[in-house]
Each structure stands twice: as structure tokens, then as C-alpha cells.
Q: 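Sharing a structure with you now.
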Amino acid sequence: MIPEVNLTELYKIQNKDEQLRYNEGFKKYVFNALLSDKIGARRKIPDSRHHLCFNQTYSHLLPQASIIICYYNELASVIIRMINSILDRTPRDLLKEILLIDDHSEPEYEATNYIKAYAKENWPDNIKFLRTTKNEGLIRARVFGANIASADVIVFLDSHCEVNEGWLEPLLDRIKEKRTRIVCPAIDIINADNMAYIPAPLAKGGMNWGLTFVWNYPERGYFDDPQNYVRPLKSATMAGGLFAVDKDYFNKLGQYDKGMEIWGAENVEISIRIWLCGGELEIIPCSRVGHIFRRTRPYGIHSDTQGKNAYRAAMVWLDEYKENFFKARPHYRNKDPGDLSEMMALKERLQCKPFNWFLKNIYPILKPNNDLKGAAEIYRKKNTDWDKSKLYKIELYGTNLCLACKNESNKLDKKAIIILQRCFRMSY
Ligand code: UDP
Ligand code: MN
């Protein structure tokens with residue numbers, strides 16, 4: 001029996017001890033660890049699939065999956081609930097194994113022993129515990145898992161997800177049909193504060209010239225055809241945390257760039273590589289998985305690994321467009337990206353297409369002159385009047401109009417009314 005939990009009740013902080021646990025939890029995990037503990041080992045979540053998904057049929061002979069979950073400084077109750085969501089909502093014959101990889105978490109995060117004790121009582125033995133010998137970062141930790149996985153298909157998931165009904169079949173079906181397809185579930189939102197499971201609108205993955213991932217919403221009119229609520233969406237990039245891939249094809253593609261550290265931009269790099277080197281990338285709307293989105297990450301604050309990793313990706317893939325990357329991230333000009341020889345050899349071996357092809361055929365909205373018409377960028381200016389006033393602004397490209405909050409303090413307060421106004425300061 002999967003219990004229905006009353007989040008409003010559980011959210012209430014009952015006493016000083018709970019207040020302390022709430023505060024500590026946010027500091028350690030950047031989400032409501034107290035509430036996660038209170039919710040417990042399993043819960044009902046809304047079935048966020050479009051009703052047309054129920055008419056979909058899938059092959060009876062789907063390949064099996066190895067699910068790879070890497071975690072670093074993660075909360076035990078989040079992982080336990082995640083594994084139970086997989087066990088409760090995945091046909092057992094499709095689930096070869098779950099590899100739980102502790103990427104050498106710090107000692108004060110004691111999740112692993114707790115989870116192991118729970119597993120002994122509650123889980124089948126195809127849920128395996130592994131640990132890296134040092135903190136490798138999510139990129140190499142995933143490769144470590146992929147090299148051990150034994151099923152035909154590997155599915156990578158972040159360590160704070162809850163999978164929804166029927167999530168796996170549509171992914172495996174697309175891969176069975178074409179082994180060079182890399183497929184992502186639609187990612188629903190688990191609110192980091194109140195843990196509500198919120199169905200998210202369908203969006204495609206994109207990027208900017210700094211090789212930062214962005215969401216792009218389908219053009220107006222796209223959903224006039226209701227079948228588009230179920231049709232796979234071709235996507236230029238993936239968000240990164242959640243995807244399925246044929247294991248042999250993942251290896252053929254060269255796995256990840258193992259010179260990348262800790263976190264960031266590996267998703268954009270592998271997405272560009274997929275498209276340029278013979279694969280394709282899709283988001284599958286009928287496969288839904290919730291993910292806790294947090295405002296920051298509780299690790300790696302001392303180094304801009306996302307920038308460094310993006311720099312490596314730019315040097316390997318951007319060809320004559322490298323200058324656009326430097327315009328977006330000027331401080332990487334003349335920096336050392338590290339050894340790229342393996343990646344360059346891979347590019348050669350796979351006979352990958354030039355980046356120009358990606359721009360023309362896969363992601364034409366990224367214009368070479370950086371003119372993302374209609375797109376908006378969120379600016380938070382540091383060390384200026386803006387910073388002092390904690391004023392956030394969303395500036396519409398090519399205009400001097402900004403979205404701002406209409407309130408006395410000019411602060412971004414919850415429920416503040418959003419207005420369009422002349423930008424406070426234009427230079428950035
Ligand atoms: N992770 C890891 N090793 C690290 C850093 C992160 O295994 O050194 C894991 C982390 O626990 C999570 C996944 O990689 O399961 C992605 O990281 P995170 O969720 O923090 O990134 P976000 O979803 O915020 O992009
Ligand atoms: Mn995550």
C-alpha cells in the first residue's frame with residue numbers, strides 16, 4: 001500500500017527541535033530534509049501523464065534496464081523513497097538492477113549505512129551498493145557505474161527523484177526501435193521546500209553560447225494537435241540528470257568527457273556530441289519523473305566546474321564559433337582547458353559533423369550573432385545598486401524593457417506583482 005501523505009500537515013513545524021532540523025537540513029541539503037524524513041519511505045504522487053498517454057502501446061519484448069544513481073552528500077530518506085518509487089512503478093522483468101553509487105560522500109553525511117540497513121529488510125538483492133575510492137564528480141561516477149552495469153539499456157537518474165506510473169516502458173520502447181536514440185523523461189518538479197509533486201509543462205532543452213542549458217518552450221500552436229502531448233520531442237540538449245541510453249551505444253559514443261570535474265556542462269557536451277556524431281535526442285512526454293530542483297548545490301562551491309567543463313566542450317565542438325563562447329565567458333580566454341586529445345580523437349573516429357550542422361538543423365534559434373529573439377535572460381548584478389536592493393530583473397533582449405517586481409522595497413518577494421518597466425540600468 002502506498003500511503004497518501006498530507007503535505008500541509010507534515011509541513012508544519014511542531015517544536016524547537018523540528019525548527020532546528022529544518023534549518024540544519026536546508027544548510028546541508030538545500031531542501032527540506034525534515035519534511036522528507038516525515039514523508040517517509042513511500043508516498044502517492046499525482047499521475048502527471050496526459051490522458052492520451054493511456055492509449056499508447058509498447059513492445060512486449062522490451063530490453064532490460066540497469067538504473068544508475070550516483071549520489072554525493074544525499075539524504076537517506078530521499079534515496080529510500082526514490083528506490084521504492086522505482087520498485088513500485090516499474091515492471092520487475094524490465095528492471096535488471098539498480099546501482100546505487102556513493103561518490104565518496106563526506107563522513108558527516110551518513111546515508112549509506114542507513115540505506116543499507118533499510119535495504120536488508122525491504123529490497124530485493126538486485127539493488128547494489130557501490131562506492132568510488134575518491135569523490136570523482138558526477139561525470140566519472142556515472143562512467144564508473146556504466147562500466148559495471150549489465151543490462152542492455154542504462155538509465156541515469158539523479159539521487160533525488162520519484163518516478164511516476166509507467167515511466168520506463170516508453171523510454172525503452174524508443175530505444176528498442178532505434179538503438180542510437182537517447183531518450184529523456186519529462187521532468188516534473190518536486191518543490192524543494194514543501195516537497196509537492198508538481199506536473200511540469202513540456203519543454204525542450206536548449207543552450208546559450210556560454211553552453212549553459214536552458215529550457216525552450218514549444219512554439220505557439222504546437223499543442224493545437226493534441227497528439228503532440230504524447231509524441232516524442234526532438235531536443236537539442238538534455239537537462240542531464242535523467243536519461244536512458246543503449247549501453248553499447250553509450251560506449252560507442254565515448255561515454256562522457258572524463259576530463260570534466262564534479263558537475264556541469266557535461267549534459268550540453270554529450271547532447272552536442274549525440275547530434276553531431278550520429279545519434280538523436282528526444283524527450284518522451286509520457287514518461288514522467290519528478291526531480292527536486294534546488295536553488296544551489298551543497299557542494300563544489302569553491303570552483304566554477306560548470307564553466308571549466310563548458311570551456312572544454314567549447315574547445316572540442318564549437319569549431320569556428322569558439323569566439324561566441326569567449327564573448328559569453330570572457331575570463332576563459334587563454335585559460336588551459338586541460339588535455340583534450342582523447343575527445344579530439346573521438347571526434348575524428350566517429351566522423352562527427354561540424355557544429356555548423358547542429359546550428360542549421362538542430363538548434364537554429366541559437367543565432368551566431370547571439371540574437372536570441374524573444375528570449376529573456378535573468379540578470380542579478382553583483383556589487384551594484386541592484387545587488388544592494390536585491391533587485392532581480394528579467395530583461396527582454398533587444399529592448400530596454402524589464403520585468404520587475406512592483407513593491408516598495410523592489411525586492412523579489414513571494415507573490416509580488418510583476419510589471420514591465422523601463423530597465424533600471426542597461427549595461428551588463
Ligand atoms: N553527484 C555526484 N558526485 C558529485 C556531485 C554530484 O555523484 O561530486 C550527484 C548528485 O548527488 C546528484 C547528481 O550527481 O545525484 C546531480 O547533481 P545535482 O542534483 O546536485 O545537480 P542538479 O540537479 O542541481 O543539476
Ligand atoms: Mn539533481
Side-chain angles (χ1 to χ4, degrees), residues 26-33 36 67-83 85-86 98-112 115 129-148 154-163 184-193 195 197 200 205 207 211-215 237-243 255-271 289-310:
F26 255 99
K27 237 194 262 152
K28 250 174 122 171
Y29 304 99
V30 200
F31 56 72
N32 192 339
S36 173
I67 298 178
I68 298 175
I69 301 163
C70 300
Y71 63 96
Y72 181 67
N73 294 357
E74 188 59 276
L75 180 70
S77 65
V78 163
I79 296 183
I80 289 173
R81 193 164 52 253
M82 171 173 181
I83 302 295
S85 80
I86 296 172
I98 300 177
L99 305 183
L100 261 175
I101 299 164
D102 177 358
D103 186 16
H104 221 85
S105 299
E106 293 173 292
E108 62 265 38
Y109 292 79
E110 296 124 351
T112 302
I115 303 167
F129 291 83
L130 300 150
R131 181 171 158 95
T132 53
T133 50
K134 63 172 179 27
N135 176 221
E136 294 286 357
L138 89 95
I139 296 126
R140 288 192 298 270
R142 282 180 167 192
V143 170
F144 171 82
N147 288 339
I148 293 167
I154 48 189
V155 182
F156 293 109
L157 295 176
D158 269 13
S159 50
H160 33 249
C161 296
E162 283 168 74
V163 305
C184 311
I187 311 176
D188 288 327
I189 297 157
I190 302 173
N191 183 293
D193 185 37
M195 292 283 150
Y197 187 104
M207 63 183 206
L211 304 193
T212 297
F213 174 86
V214 297
W215 290 111
T237 67
M238 62 163 97
L242 302 73
F243 70 96
Q255 304 181 321
Y256 276 116
D257 172 0
K258 288 168 253 338
M260 288 187 173
E261 300 296 335
I262 302 297
W263 174 93
E266 84 294 340
N267 56 329
V268 172
E269 191 279 331
I270 202 172
S271 303
V289 176
H291 168 262
I292 303 180
F293 285 89
R294 351 179 226 199
R295 287 167 68 94
T296 55
R297 270 161 298 282
Y299 55 80
I301 43 168
H302 301 298
S303 173
D304 175 24
T305 58
Q306 201 243 355
K308 287 184 198 163
N309 294 342

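Counting starts at 1 for both ligands and their atoms, in listed order. For reference, positions follow the sequence shown, starting with 1. Scope of the values below: all heavy atoms of this structure, side chains included, with no hydrogens, waters or symmetry mates.
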Q: Which protein heavy atom lies closest to atom 25 (O) of ligand 1, and at what distance to 0.1 Å?
A: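 I find the closest protein heavy atom is W263 NE1, 2.9 Å.
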Q: Just jot down the ligand 1 atoms closer than 4.0 angstrom to any heavy atom of H291, in number order.
A: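 Atoms satisfying the 4.0 Å criterion: 23 (O).
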Q: Which residue supplies the protein heavy atom nearest to atom 13 (C) of ligand 1, what is that atom called, and how far is it?
A: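 So the nearest neighbour among protein heavy atoms is D158 OD1, 3.4 Å.
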Q: Write down the atom of F243, the atom of C184, and the distance for their closest heavy-atom approach.
A: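 That would be CB-SG, 3.9 Å.
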Q: Any idea which atoms of ligand 1 are less than 4.0 Å away from a heavy-atom of R297?
A: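 Selected atoms, number and element: 20 (O), 21 (O), 22 (P), 24 (O), 25 (O).
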Q: With heavy atoms under 4.0 Å as the rule, classify the contact between H160 and ligand 1 as side chain, backbone, both or neither.
A: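 The answer is the side chain.
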Q: Looking only at protein heavy atoms, which one is nearest to atom 8 (O) of ligand 1, and what is the separation?
A: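 That would be N135 ND2, 3.0 Å.
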Q: E266 and side chain to side chain contact (heavy atoms under 4.5 Å, CB included): which partner among T305, L138, D257?
A: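 Result for side chain to side chain contact (heavy atoms under 4.5 Å, CB included) with E266: L138.
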Q: I need the protein N, O or S atoms closer than 2.8 Å to the Mn ion (ligand 2), given as residue plus atom name.
A: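 Listed by chain and number: D158 OD2, H160 NE2, H291 NE2.
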Q: Got the closest protein heavy atom to atom 1 (N) of ligand 1, with its distance?
A: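 Result: L138 CB, 3.7 Å.
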Q: As an exercise, identify every atom of ligand 1 less than 4.0 angstrom from a heavy atom of G137.
A: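 Every atom of ligand 1 under 4.0 Å from some heavy atom of G137: 3 (N), 4 (C), 8 (O).
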Q: To check you understand the geometry: which heavy-atom pair defines the closest contact between L75 and Y29, and what is its length?
A: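 Answer, listing the atom of L75 first, then Y29: N-CE2, 3.5 Å.
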Q: What protein heavy atom lies closest to atom 18 (P) of ligand 1? Include the residue and the distance to one decimal.
A: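 For this ligand atom, the closest protein heavy atom is Y299 OH, 3.3 Å.
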Q: Note the single closest protein heavy atom to atom 12 (C) of ligand 1, along with its residue, its atom name and the distance in Å.
A: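 The answer is S159 OG, 3.6 Å.
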Q: If you have a sec, work out which protein heavy atom is nearest atom 9 (C) of ligand 1 and how many Å separate them, to one decimal?
A: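 Checking every protein heavy atom, the shortest distance to atom 9 (C) of ligand 1 gives C70 O, 3.7 Å.
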Q: Please list, chain by chain and in numerical order, all residues satisfying ring-ring contact (aromatic ring centres under 6.0 Å, His included) with Y71, sequence neighbours excluded.
A: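 Expected list: none.
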Q: Using every non-hydrogen atom in the two residues, find where L100 and I79 come nearest and quote the distance to one decimal.
A: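 That would be CD2-CG2, 3.8 Å.
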Q: Please work out, at 4.0 Å between heavy atoms, whether the side chain, the backbone, both, or neither of F293 comes within that distance of ligand 1.
A: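 Answer for F293: neither.
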Q: Between S159 and E74, is any side-chain donor less than 3.5 angstrom from a side-chain acceptor?
A: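 There is such a pair (donor and acceptor under 3.5 Å, judged by atom type) between the side chains of S159 and E74.
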Q: What are the atoms of ligand 1, with element, lying closer than 4.0 Å to any heavy atom of R294?
A: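 What qualifies from ligand 1 is 18 (P), 19 (O), 20 (O).
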Q: Is a donor from one side chain sitting under 3.5 angstrom from an acceptor on the other, for E108 and N73?
A: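 Not at all, the side chains of E108 and N73 share no donor-acceptor pair under 3.5 Å.
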Q: Look at R81 together with E162 and state whether they make a salt bridge at an N to O cut-off of under 4.0 Å.
A: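 Looking at R81 and E162, the cut-off is met.
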Q: Among side-chain atoms of E136 and H104, is any donor-acceptor pair under 3.5 angstrom?
A: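 No, because no side-chain N or O of E136 sits under 3.5 Å from a partner of the opposite role on H104.
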Q: Please report which non-hydrogen protein atom sits nearest to atom 4 (C) of ligand 1, along with the residue it belongs to and the distance in Å to one decimal place.
A: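 Its nearest protein heavy-atom neighbour is D103 OD2, 3.4 Å.
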Q: Taking atom types as modelled and ignoring hydrogens, do the side chains of R131 and T112 form a donor-acceptor contact shorter than 3.5 angstrom?
A: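 The criterion, which ignores hydrogens and geometry beyond distance, is not satisfied for T112 and R131.
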Q: Looking at A239 and I187, what are the two nearest heavy atoms and their distance?
A: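 Of all heavy-atom pairs spanning A239 and I187, the closest is CB-CD1, 3.8 Å.
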Q: Minimum heavy-atom separation for V289 to Y197, with atom names?
A: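 Here V289 and Y197 meet closest at C-OH, 3.8 Å.
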Q: Answer yes if the side chains of Y256 and R140 hold a donor-acceptor pair under 3.5 Å, and no otherwise.
A: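 No, no side-chain donor-acceptor contact under 3.5 Å.
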